[in-house]
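Everything below concerns the one structure shown next.
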Protein chains: 2
Amino acid sequence: MDKDITIYDIAKELDLSPTTVSRALNDHPAVNKNTKQKICDIAAQMGYRSNIFASNLRKQRTNTIGVIVPRLNSPFMSSVMAGMEKEANNADYNLIITQSLETMQKEITNARTMFDSRVDGLLVSLAYETDTMDHFEPFISKGTPVIFYDRVIEHNQCTSIVIDNFQAAYKATCHLAKQGCKRILHLTANQKRNVYADRLKGYRYALIDNNLPFDESFVLITNLSEEAGVEAAQQILKMQPMPDGLFVSNDTAAVSCMRELQKAGIMIPDDIAVVGFNNDPISRVIEPNLTTVNYPGYEMGEVAVRSLIHHLNGLSDITITNTITLRSELIVRASSLRTKIE
Amino acid sequence: MDKDITIYDIAKELDLSPTTVSRALNDHPAVNKNTKQKICDIAAQMGYRSNIFASNLRKQRTNTIGVIVPRLNSPFMSSVMAGMEKEANNADYNLIITQSLETMQKEITNARTMFDSRVDGLLVSLAYETDTMDHFEPFISKGTPVIFYDRVIEHNQCTSIVIDNFQAAYKATCHLAKQGCKRILHLTANQKRNVYADRLKGYRYALIDNNLPFDESFVLITNLSEEAGVEAAQQILKMQPMPDGLFVSNDTAAVSCMRELQKAGIMIPDDIAVVGFNNDPISRVIEPNLTTVNYPGYEMGEVAVRSLIHHLNGLSDITITNTITLRSELIVRASSLRTKIE
DNA sequence: TTGTACGCGTTATCAA
DNA sequence: TTGATAACGCGTACAA
């Protein structure tokens, strides 16, 4: 339990002032080259480590970015985190990460923690049920930048980073229609969240543009978990006529739903064609391979952190940028490719 | 960009001393009930938020835990992170997370960052190539607890949290042997890491106990990526005689290897029986479903944080506890279950 | 080029 | 029960 070395210890050792030591250690130009060398040498030798708290307290800046994420353990979100960590690390920022576990209550608590931690900026993907933005106001009014990613919300002071969920869903649904599907069911989640609302919209417009009727009962709102996929399959099996196409808002639910349908003897894609969302690893493993939308999570994480840091460095202004949209694409695989069209 | 409210502002407002305000806000017993109420009320009203840095600086404690992880975006590691975050959140600790990306260089840099951030404790899973512990010494000599999880190393001051990799591999290999496999190949990773060294050992002992010969060329050391699985399959296809059993140290590589073998017309499990490791979601999706070792990542994360916090609170002493071993189990699925034994 | 002196916001100590 | 004061370690305006 050694005592920490401070700049005072170094100053005493070299008979200099703490000021000079501080300057030397921070590459301040106004310090003699030799002095600087001596200071750095002895600092290393004594095992000096700067005290971040004292420094932060003084500088009113933390070099820390707060991240609020619904869940850490999904393939998509863990890719996002990986991309964020890489960029933050490169720019010498730390990442404080918390999960809302899809509840607004935890999201509010997390925001408070982030605020108390004086993060320089905040990256947020909203929980399913969040329906107020009050917990982010303290950041806004303090001038701390807030960026939303994936599950975003319109806010005139915040940038959003998204993919074009409407377009992606539109294309996915059109693809199913082109494969001859007439009764396409959409399995998705809470309509409070842009990602799911936009996808539903894309689905509806695609139906219209393909002269297919919209049926309220063909939209299933769930939490998109593995279990939700199974339950959806059970509902689908009871429907008559059964849907002949399925557009699911994530791959987890798409795959579990497919498997449950297959267990019941449904042939995919011939009886029901299926499209998922995210391009998770399982989508490439399920048989038949799942058609899905490639969602560039890693890049989204990189872009989010990069934008935030740019803004913090005054190189850009996120209060002007409204939305950054990343490219996504439909990856067509066997689960939706019909050999013979009806 | 409002100015932050401090305890001085509150003190002035109520004509009290900052000391009393501080006490009231920290539930100190020696403060009048009414005074306390008044202080808390006005604090809330003024939007006071404690400055963590000032507090940390003064208390020499940060309520922050550092986590070093090889990669964030693997199903196993993201489960571990999720478990850690949950426990940390519950105990009012923050988590600073960094990835080493499997390089020792980054791991060292990360450790420095953590040290500078004055984390109260450090949780580490080692990179493939790490072969010195020097970067953790500063923590040890300062009395900051370090706990290793998953990829651990023997250290007389640190607890390790693991599963019994030897036993797990032993059982997996014996299972293959019982299925009639005579030539079992082991696909694994860098032997510097306990997890892979122990599994190789378990594999070897299982061979011995089943009267099967050990063949150096039947141990493939890779990075266990998806590509590595494909390359392994290509090597396997060239072998003669080909192996008839395959024990792979993670599911990612096991699955990609299986698929490549299947493409070449190999029947699984009849030509080659396969066992993976981790119980990732893909293991339940691949056909035939992959026999694998269930590795409780979420629990490992919880246990790691819980142990650390217990230690920090003086409720236990991790310098005494050598190792915490979590339960793991072989999950037998179709990829290794032979209908007819040779 | 170097140094003096103070403030960042909190908490611990001691005294009243 | 409350308050005055110092200290945590660093960075910076100002002075030399």
Side-chain angles (χ1 to χ4, degrees), chain A residues 1-40 42-43 46-64 92 115-120 142, chain B residues 1-40 42-43 46-64 92 115-120 142-144:
Chain A
M1 314 258 182
D2 311 347
K3 193 83 181 43
D4 284 344
I5 308 292
T6 74
I7 51 172
Y8 291 97
D9 300 324
I10 299 177
K12 203 167 290 173
E13 194 73 18
L14 292 173
D15 221 9
L16 286 167
S17 78
T19 309
T20 308
V21 175
S22 172
R23 286 192 184 119
L25 262 19
N26 288 294
D27 264 337
H28 190 103
V31 51
N32 184 289
K33 236 182 147 182
N34 297 328
T35 322
K36 184 175 157 185
Q37 189 59 51
K38 259 194 296 190
I39 291 174
C40 291
I42 206 143
M46 294 174 76
Y48 168 80
R49 306 268 63 209
S50 158
N51 184 314
I52 286 197
F53 298 107
S55 174
N56 285 346
L57 181 59
R58 192 55 240 248
K59 289 193 299 189
Q60 306 280 39
R61 202 171 179 215
T62 64
N63 261 256
T64 297
D92 265 318
F115 191 85
D116 289 351
S117 299
R118 300 287 199 278
V119 293
D120 289 341
K142 196 185 166 198
Chain B
M1 315 255 181
D2 309 349
K3 193 80 182 45
D4 285 344
I5 307 292
T6 73
I7 51 173
Y8 289 97
D9 300 325
I10 299 177
K12 203 166 290 172
E13 195 72 20
L14 293 173
D15 221 9
L16 287 167
S17 78
T19 309
T20 307
V21 175
S22 172
R23 285 194 185 116
L25 261 20
N26 288 292
D27 263 338
H28 190 105
V31 49
N32 183 290
K33 236 180 147 184
N34 297 328
T35 322
K36 184 173 154 185
Q37 189 59 52
K38 259 194 294 189
I39 292 174
C40 291
I42 206 143
M46 295 174 76
Y48 168 80
R49 305 267 63 207
S50 158
N51 184 313
I52 286 198
F53 297 107
S55 175
N56 285 346
L57 179 60
R58 191 57 243 240
K59 289 195 298 189
Q60 309 278 37
R61 202 169 182 225
T62 65
N63 261 258
T64 297
D92 264 317
F115 191 85
D116 288 352
S117 298
R118 301 284 199 280
V119 294
D120 289 341
K142 196 185 166 197
T144 301

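Note on naming: letters A, B, ... go to the chains in the order of the sequence lines (proteins, then strands), and numbering restarts at 1 for each one. Because only heavy atoms are used, hydrogens play no part in the values below, and waters and symmetry mates are left out as well, while side chains stay in.
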Checklist entry - Please walk me through it: do B:Y48 and B:I42 pass side chain to side chain contact (heavy atoms under 4.5 Å, CB included)? => result CA-CA 8 Å; B:Y48 168 80; B:I42 206 143; over 6 Å; no
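Rounded to whole Å, the distance from CZ on A:R61 to C1' on D:dC10 is 16 Å. The distance from atom OH of B:Y8 to atom P of C:dC8 is 9 Å, rounded to the nearest whole Å. Atom CD1 in A:I10 sits about 11 Å away from atom P in D:dG11, given to the nearest Å. Per the geometry, NZ belonging to B:K36 stands 11 Å off P belonging to D:dT1, to the nearest Å. Summarising the geometry, the separation between NZ on A:K59 and P on D:dG9 is reported as 17 Å, rounded to the nearest angstrom. One interatomic measurement links the two molecules: CD of B:Q37 to P of D:dT1, which rounds to 16 Å at whole-angstrom precision. The distance between atom CD1 of A:I7 and atom C1' of C:dT4, rounded to the nearest whole Å, is 13 Å. The NE2-P distance, from A:H28 to C:dG3, rounds to 13 Å in whole Å.
Checking the phosphate oxygens (OP1, OP2) of C:dT11, a side-chain nitrogen or oxygen of B:S22 falls inside 4.0 Å. Within the structure, every side-chain polar atom (N or O) of A:S17 is placed at least 4.0 Å from both OP1 and OP2 of C:dT2. The phosphate of D:dG9 (OP1 or OP2) has a side-chain N or O of B:Q60 nearer than 4.0 angstrom. Distances shown here put a side-chain N or O of B:S55 below 4.0 Å from the OP1 or OP2 atom of C:dT11. Listed pair B:T35 / D:dT2 meets the phosphate criterion, a side-chain N or O lying under 4.0 Å from OP1 or OP2.
Nearer the 5' end of DNA chain C, as judged by each residue's closest nucleotide, is the contact made by B:R49, out of B:R49 and B:R23. Two residues, B:R58 and B:V21, neighbour DNA chain D, and the one matched to the more 5' nucleotide by heavy-atom proximity is B:V21. In terms of position along DNA chain D, the nucleotide closest to B:T19 lies nearer the 5' end than the nucleotide closest to the other residue of the pair B:T19 and B:L57.
Relative to the side chain of B:N51, the nucleotides C:dA12, C:dG9, D:dG9 differ in distance, and C:dG9 lies closest. Of the candidates C:dT2, D:dT2, D:dC10, D:dT2 carries the atom nearest the B:N32 side chain, counting heavy atoms from C-beta on.
Among the heavy atoms of the strands lying under 4.0 Å from B:N26 are primed sugar atoms or P, OP1, OP2 only; no base atom is included.
Between the side chain of A:D120 and the main chain of A:R61, no donor-acceptor pair closer than 3.5 Å is present.
Cation-pi check for B:K59 over A:F53 is not met; the charged atom does not lie both under 6.0 angstrom from the ring centroid and within 45 degrees of its normal.
Under the 4.5 Å side-chain criterion, counting only non-hydrogen atoms from C-beta, B:K142 is in contact with B:R118.
A side-chain donor-acceptor contact under 3.5 Å links B:S17 and B:T20.
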